[in-house]
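Contents: one structure, followed by commentary.
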Amino acid sequence: MATATPTGVRGESQSETVSDNAPMTHRQIMEALSGLMLGMFVAILSSTIVSNALPQIISDLGGTQASYTWVVTAALLSMTAATPLWGKLSDLFSKKLLVQISLVIYVLGSVVAGLSQNTGMLIACRVVQGIGVGGLSALAQIVMAAMISPRERGRYSGYLGAVFAVATVGGPLLGGVITDTAWLGWRWCFYVGVPFAVIALVVLQKTLRLPVVKRDVKVDWAGAFFISAAVSLLLIWVTQAGDSYDWISWQTWAMTGGAVLLGLVFVLVESRASDPIIPLRLFRNKTISLASAASLFVGIAMFSGTVFFSQYFQLARGESPTMSGVLTIPMIGGLFVSSTVSGQVITKTGRWKAWLVSGGVLLTAGLGLLGTLRYDTEYWHIALFMALTGLGLGMMMQNLVLAAQNQVAPEDLGAASSVVTFFRSLGGAVGVSALGAVMATRVTGYVEDGLTALGPKAAALGHGGTGGGGIPDLDALPAPFRQVVESAYGHGVGDVFLYAAPTALVALVLVVFIKEVALKSRPAADAPDASS
């Protein structure tokens, strides 16, 4: 299928002779996107490969439940803060060069993470990784929008969604195998992606061709600093509240007040910046505002599933890291199917809103049902609930970005794309922090209740490794005590999903109010002013 394409965007196929203004064929587009999709695969693989290894990693490094949460949150936080900056840079510099730089940053963070001697070092490396993946996640959508019209983009967004799904399911499986292999160990989870990254860099150099628009470079560093500071302070408060200090305390008021103040300063800076990192005028467009808000809540749902399932299967059901990855396949399968199918159908029909609404319904239902999880819940029930959640996520993630991209002028494409991705990452970061705090509190409470029920002798044994937020070693626990801990983690993870379900409902309500606008038939680089 031929697709209208801006001048200068060409594949590397030398067997076809085309004029400068000829449209790109499907083959040429796939060649141009091959390196980009491989880069995305490496980033996602490197991120998800540690999910099933994390309980073992935190245990070996002497970390706590808070450390577990921060290993995930650190990457999400830096990804959140960096995403709009990458988007703005893409409007100023070579998109191809930026993709390559973000990939190198991510790989360097991964290699050093494999050398971590404590959780503090690991968390710092995860910050570096997040900066790289923020670039890859934002630039993937931006590069695709520069080459492909919105009407055709649904098809290729489906392909990106499929890559996301394969890497998401392949990562935990591979990470579990590596962790369970005695002569490798969890550190190799951080090294295994390096060869793929090198291949991705070579393929990108050979296949990706995009025109570079020369503009005066004005990067809004002040805006990047204040939004990062506001989000960081908010996440530190959420993570520590209920543990280091009470939820209602002077620390809470100081941190939340400080976050609000920094947010207001950010808005002031952006309103005066000549080239803001997040142009506030974008939010005058109702679609972009609603899509961004919906992405915030989808992010909470998305990351809660991927982060806490590994703890559920390993600590509530006693599964190995490898089996933990295998057992999450229904959710990833649902995501794979829905993202691919929805992309193909959207390309054929040009209609996308029904997919967003259906995705919101399925996501809300899936998370609500997962809220009933206990350590002894039958697996086929869990598989069904995970599949519903995956189907909902696949229908919403890429299509929210597509809806926003369809509403902006070419010069705002990078900023608009990264704004939606930014809010999804922000939701994930805040969600993981808040739900991680809920998890730690609930598990400790359920362990105490279980021990009390066993009698005074059992209560005297302590918290089974959960005291102070530690990750327990189930194999070292006596049978009655182990069941108490497994039950606590099963119930605790169920509570996490129960709290996440209303956020999916809010996302559903928001997408209902998004007005469906016909997808454009020209790519952003060729389109006239599309702002509204």
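From a predicted model like this one, the values you see are computed outputs, not experimental measurements.
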So do the side chains of [X] and [Y] get within less than 4.5 Å of each other, counting heavy atoms only?
X: Gln129; Y: Val133; answer: no
X: Leu61; Y: Trp186; answer: yes
X: Thr119; Y: Ile58; answer: yes
X: Leu335; Y: Met397; answer: yes
X: Trp355; Y: Val341; answer: yes
X: Leu108; Y: Val112; answer: no
X: Gln311; Y: Val443; answer: no
X: Leu115; Y: Tyr191; answer: yes

Looking only at non-hydrogen atoms, find the nearest pair between [X] and [Y] and report the distance.
X: Cys189; Y: Thr179; value: SG-OG1, 3.9 Å
X: Gly390; Y: Ser338; value: O-OG, 3.7 Å
X: Ala501; Y: Thr364; value: O-CG2, 4.1 Å
X: Gln483; Y: Tyr375; value: NE2-OH, 2.9 Å
X: Cys125; Y: Gly109; value: CB-O, 3.7 Å
X: Ala507; Y: Val298; value: CB-CG2, 4.0 Å

[atom1]/[X] to [atom2]/[Y] distance, rounded to the nearest 0.5 angstrom?
X: Leu201; Y: Ile101; atom1: CG; atom2: CD1; result: 11.0 Å
X: Leu370; Y: Leu388; atom1: CG; atom2: CG; result: 8.5 Å
X: Phe423; Y: Ser295; atom1: CZ; atom2: OG; result: 9.0 Å
X: Ser59; Y: Leu54; atom1: OG; atom2: CG; result: 12.0 Å
X: Leu400; Y: Leu296; atom1: CG; atom2: CG; result: 11.5 Å
X: Met121; Y: Ser116; atom1: CE; atom2: OG; result: 4.5 Å

Would you confirm whether [X], through its side chain, and [Y], through its main-chain N or O, come within 3.5 Å as a donor-acceptor pair?
X: Arg126; Y: Val71; result: yes
X: Arg187; Y: Gly114; result: yes
X: Thr340; Y: Val337; result: no
X: Arg317; Y: Thr377; result: yes
X: Asn399; Y: Leu402; result: no
X: Trp86; Y: Ile131; result: yes
X: Tyr312; Y: Arg374; result: yes
X: Ser487; Y: Val484; result: no
X: Thr372; Y: Leu369; result: yes
X: Tyr106; Y: Gly135; result: no

Look at atom OH of Tyr499 and say whether more than 12 heavy atoms of other residues, nucleotides or ligands are closer to it than 6.0 Å.
->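 No, not enclosed.
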
Report, as yes or no, whether the 6.0 Å neighbourhood of atom CZ on Phe196 holds more than 12 heavy atoms from other residues, nucleotides or ligands.
->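 Atom CZ in Phe196 is not packed in, count stays at 12 or less.
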
Verdict with supporting geometry, Leu451 and Glu448, side-chain contact (heavy atoms from CB on, under 4.5 Å) = CA-CA 5 Å; Leu451 293 180; Glu448 291 176 350; 5.9 Å; no

Check step by step if side-chain contact (heavy atoms from CB on, under 4.5 Å) holds for Tyr489 and Met439.
-> CA-CA 8 Å; Tyr489 271 92; Met439 173 87 168; 3.5 Å; yes

Quick one: do Val99 and Leu136 satisfy side-chain contact (heavy atoms from CB on, under 4.5 Å)? Show the steps, please.
-> CA-CA 6 Å; Val99 171; Leu136 288 167; 4.0 Å; yes

Would you check if the distance from the ring center of Phe309 to the ring center of Phe497 is below 6.0 Å?
->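 When the ring centroids of Phe309 and Phe497 are compared, they turn out to be within the sub-6.0 Å range.
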
Test salt bridge (Lys or Arg N to Asp or Glu O under 4.0 Å) applied to Asp495 - qualifying residues, sequence neighbours left out =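 Residues passing salt bridge (Lys or Arg N to Asp or Glu O under 4.0 Å) with Asp495: Arg442.
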
So Phe313 and Tyr379, side-chain contact (heavy atoms from CB on, under 4.5 Å) or not? Walk me through it.
-> CA-CA 10 Å; Phe313 285 117; Tyr379 177 70; 4.2 Å; yes

